[in-house]
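Counting starts at 1 for both ligands and their atoms, in listed order.
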Amino acid sequence: MKEIYLDSNATTCVLPAAVAAARQAMEQGYGNPSSTHATGLQAKAMMDGVRQRASGLLGVGDGRLMFNSGATEGIQTAVLSALCALRERRDAGKRIGSLLLYGATEHKAVPESLAHWNRLLGLNLEVRKLTVDAHGRHDLQALDALIGDTAMLCTMAANNETGVISDLSAIAQLLQERGADAYWMVDCVQALGKLKLNLAATRIDYAPFSGHKLYAPKGIGMLYVRAGAPFTPLMMGGGQEAGLRSGTENMAGIAALGAVLVALDDGKTFRSHAELVAFRAQLVSSLERAFPGIVFNMPFDLSLPTTLNFSVPGLSSKELLDLFDAARVRVSSGSACSAAKALPSYVLEAMHVPQWRASSAIRLSFGPLIDAATIAAACARIERCGEALRSSCLLPSALAPSPLDGAQDGVIQLSVDGQCTWLLSDAASASCVVIDPVAALVPRLAAFIRCQHLALRAIVHTTAPADHGVARLALLQELVIEQVGHVDIDGELALGQQRLRRVECGENHVYLLGQRFAFIGTLAPEALTPLLDAALLTPDTVLCGARDDGSICCTVRTAQEGIVPAADLQLDAASLPAFLRQHPDAILVDVREAYEHAACAGTVFEGCAVHSVPLSRLAGQVAAWLQQPQCPLVFFCRSGNRSARASACLRRLGHAAAWQLNGGMAMAEATRHPLAIAA
Ligand code: PLP
C-alpha cells in the first residue's frame, strides 16, 4: 500500500523539476552570487531570473522582493521593520496607535513575533486579537472599531487549518475609508499558487511566503515589501539581497523555488481551480459515506478547495489520525495533539465551533499537483477506514449500522483521563457485564454493547457508586434499559457459562472471574493478601484495576516481588526479518485498535501472520502468553508507544521474550525492510 500524502498545508513533497534545479545549482551552478567572476555571475543570473519571475507572478511592481529562509523569518522581518518605524515615529513625538492587532486565526508565528519584538524594542503596545466570525473571516465591525488605534495590522490571506480565505479587499477598503496609517502585513503562505495575487496594486506593506508549502524545499522563502514601506534588516553582514538580508543566499532553494514558479507560470503542471474543486467534492462524498454524521468545520464556498477540516462525532482526532495512518493516508489533527489528549484548535475555537469539534478536528489538505488517480485511491482508502471502524463497533451508537462480526469473548479495558472501565463479554450467551463505568465512556460503551448485540447482564462497582452512579444511570438510559441483573445472595453473577464472583476486601468489592481475573478497582495489590490466604486468588491471577497508570494489568506475584523487567527488548525494523528467521515460533502482535488493524488490510511481515490484540484487550490475553514465557512475542503499533506498554506489561509479568518493534509501523515503512505487504 503506497502512502497517500494529504497534509500539504504542513509541507509538500518537492516537485521533481525543483529537485533537478536544486541539484543543478549544487553541482554546476554552485557559484556565490556575490562573486564577480563568471561562476558567481552565472549564479547571480539564475537568482535574478527567479526573482524576476516571482515578481511578475506576485505583481511586486516597484516593491521589493527578497529571498530568505521561510515565512517565520519573513514575519519577523516585517514585524521588526514596522515596529522599528513605529518606535521612531513615537520618539519623534508623532502619534501612533496603541494596538498591534492580529487575526485570531493567524499562525502562531505572528502573535509570537509581535509579542517578542514589542517587548525587545520596549514599545509596550497592546498585542490584541482581532475576532473572526463563524466562517473564520475577520470581524470587520470589530476592525472598524479598532483600526483608528491600530499601529500594525496582521492578517492572513488563507488559513492553514481551515483553508478559509480572508476578505482582503474588504479590509483594504476599510483601511482606506478610515484613512488608517497602520502598517499591514498579510501572511500569504497558504495563498501561494492557490490565489491570484497582485501585491503592488494593494495597500499591503509586507507579505511573507514559504517555499515548502508549494513543492519547493524547506528553508527557502520570500518577503515582499511595498515600495516606501519602512524596512529594518533582521540580519546584517555582507549586504546580500541589496542589504535587506545579509548572508549568502540559499541558491539550491532559490533554484528549486524557481522551478516551481516556472510550473506555476506554464499553466500545465498544476491542476486548475475547477479540477481542485471537483477533487474536493469526491473526497467529501467518500468522507460522508465513511463517517456518517461527519461535520465540516469550514465554509466550502469561502475556502481554498485544497483544504478540508472536519470532525466525527464520538471519535477523537487521535483515533481518526491513527485510523488514517494505518490506512497509510497522511492527514493531520486540526488541533494541537499532546500524547495524552488533543488540545482544542485555537482556530476553530476562535470560530466558536462547539468544543467537541474544536478538540477532535482533522485537517486533510492536498496541493495543486495532485492527480485524479491519487484522489480516487484516497477515496477508496477513506471508505475502507469507515468499514474498519464499523466492523470494530466504535462508531457512535446512533450512527452505527449492524455489526459485521458476531460478539467475541473478551476482557476489554476502556480508559479515559486515567480511569478505567472494564467490560466482560461472553460470546456464547451474547451478554456482558460492565465494571466501574466512567461517565465519559458511556457513549462508547453503549455503542459497543449495542453494535455487538450484547445483552447487558449487570453493571457492578468495586466501591460504593458515589459518582459512578451517574455513569450507571447514563448507561442504562443510553441503552434504554430500566433494570439490569444483580449479584445474587451467594455473591455470584452468571455471565453465560462463566461466574463472576463478588468478594469483600475491606470497604471494597473485588470481582473474580474464576481465578483467572480479579477486578480490584482502586485497591493496591498488597491489600489482596486476605483473598490470597483464602485461596480465592492465586499469585498469578491477572489483576485489573480502575486506575489507568499505563501498566495495563499485573499479578500479586509481580506486584509483591517487584519484578524489574530484564533489559529493554527492542527490535529495529531492519533487524526484524533476521529475527523472524531465527525465531520461527515468534508471534507478531499488532496492538493497535482493531479498526487500525483492519484499515491496513491484513499486514504480513516477511510471510509471518500477524495477530491483532489491541491494547484494550491485552489483559484478556496475557495468561495464555504466560503459559509459554520463552516463546518470543513481538509487539508493534503505529509509532512504538503502545507496543512499549504491551511489552513492558508482559515483561513485568515474567515473560522472558516480549519484544517491541522500535518506532512501530512508521519506521518499518520508512526502512521498507520488513515490508508491510497488503493482502
Ligand atoms: N504562516 C502560515 C499560514 C503557515 O501555514 C506557516 C507554516 O506552517 C507559517 C506561517 C510558517 O512558515 P515556515 O515554515 O516557512 O516558517
Side-chain angles (χ1 to χ4, degrees), residues 5-14 18 54 58 65-80 102-117 129-130 132 136-138 153-166 168 184-195 197 204 206-224 234-235 245 247 249-250 252-254 256-257 260-261 298 303-304 306-309 330-337 345-348 350-351 361 363-368:
Y5 185 80
L6 296 177
D7 197 16
S8 298
N9 287 10
T11 197
T12 58
C13 62
V14 180
L58 303 175
L65 189 71
M66 78 199 66
F67 293 116
N68 59 17
S69 67
T72 302
E73 184 187 329
I75 291 165
Q76 306 303 305
T77 311
V79 168
L80 173 69
Y102 69 96
T105 60
E106 288 296 306
H107 187 276
K108 282 288 172 218
V110 172
E112 292 297 323
S113 305
L114 286 171
H116 178 71
W117 293 108
K129 266 186 208 163
L130 171 63
V132 296
R137 294 186 123 195
H138 301 97
L153 173 66
C154 301
T155 58
M156 64 200 327
N159 184 269
N160 46 307
E161 280 190 27
T162 58
V164 168
I165 302 166
S166 302
L168 295 179
W184 186 19
M185 180 185 79
V186 177
D187 175 342
C188 289
V189 169
Q190 298 293 343
L192 185 63
K194 297 168 197 161
L195 294 175
L197 295 168
I204 297 168
Y206 309 98
F209 294 90
S210 180
H212 73 99
K213 308 288 179 173
L214 193 75
Y215 307 111
K218 288 143 198 77
I220 181 67
M222 299 180 285
L223 176 67
Y224 159 81
L234 181 67
M235 318 244 261
R245 199 259 190 192
E249 290 87 346
N250 169 3
I254 292 171
L257 180 62
V260 173
L261 300 176
M298 20 65 78
S303 304
L304 296 173
T306 45
T307 307
L308 285 167
N309 188 303
R330 311 304 186 212
V331 295
S332 75
S333 104
S335 47
C337 232
S345 146
Y346 68 91
V347 170
L348 298 181
M351 293 162 68
R363 176 183 72 184
L364 181 161
S365 54
F366 51 97

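Partners of Ser303 under the side-chain hydrogen bond (donor to acceptor under 3.5 Å, both in side chains) rule, at least two apart in sequence or in another chain, do not exist in this structure. For the side-chain hydrogen bond (donor to acceptor under 3.5 Å, both in side chains) test, residues two or more places apart in sequence or in another chain that qualify with Ser113 are Gln76.
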Evaluation steps, side-chain contact (heavy atoms from CB on, under 4.5 Å), between Asn159 and Gln190: CA-CA 7 Å; Asn159 184 269; Gln190 298 293 343; over 6 Å; no
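The protein residues lying under 4.0 angstrom from ligand 1, judged by non-hydrogen atoms, are Gly70, Ala71, Thr72, His107, Met156, Asn160, Asp187, Val189, Gln190, Ser210, His212, Lys213.
In this structure, the side chains of Val260 and Leu192 stay at 4.5 Å or more apart for every pair of heavy atoms.
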Counting only pairs under 3.5 Å, give me each side-chain donor-acceptor contact of residues 208-219, with atom names and distances, residues two or more places apart or in other chains.
residue: His212; atom: ND1; partner: Thr11; partner atom: OG1; Å: 2.8
residue: Lys213; atom: NZ; partner: Asn9; partner atom: O; Å: 3.0
residue: Lys213; atom: NZ; partner: Ala10; partner atom: O; Å: 2.9
residue: Tyr215; atom: OH; partner: Leu369; partner atom: N; Å: 3.0
residue: Lys218; atom: NZ; partner: Thr11; partner atom: OG1; Å: 3.0

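Exactly one residue among Val347, Leu304, Val164, Thr307 makes a side chain to side chain contact (heavy atoms under 4.5 Å, CB included) with Met298. That residue is Val164.
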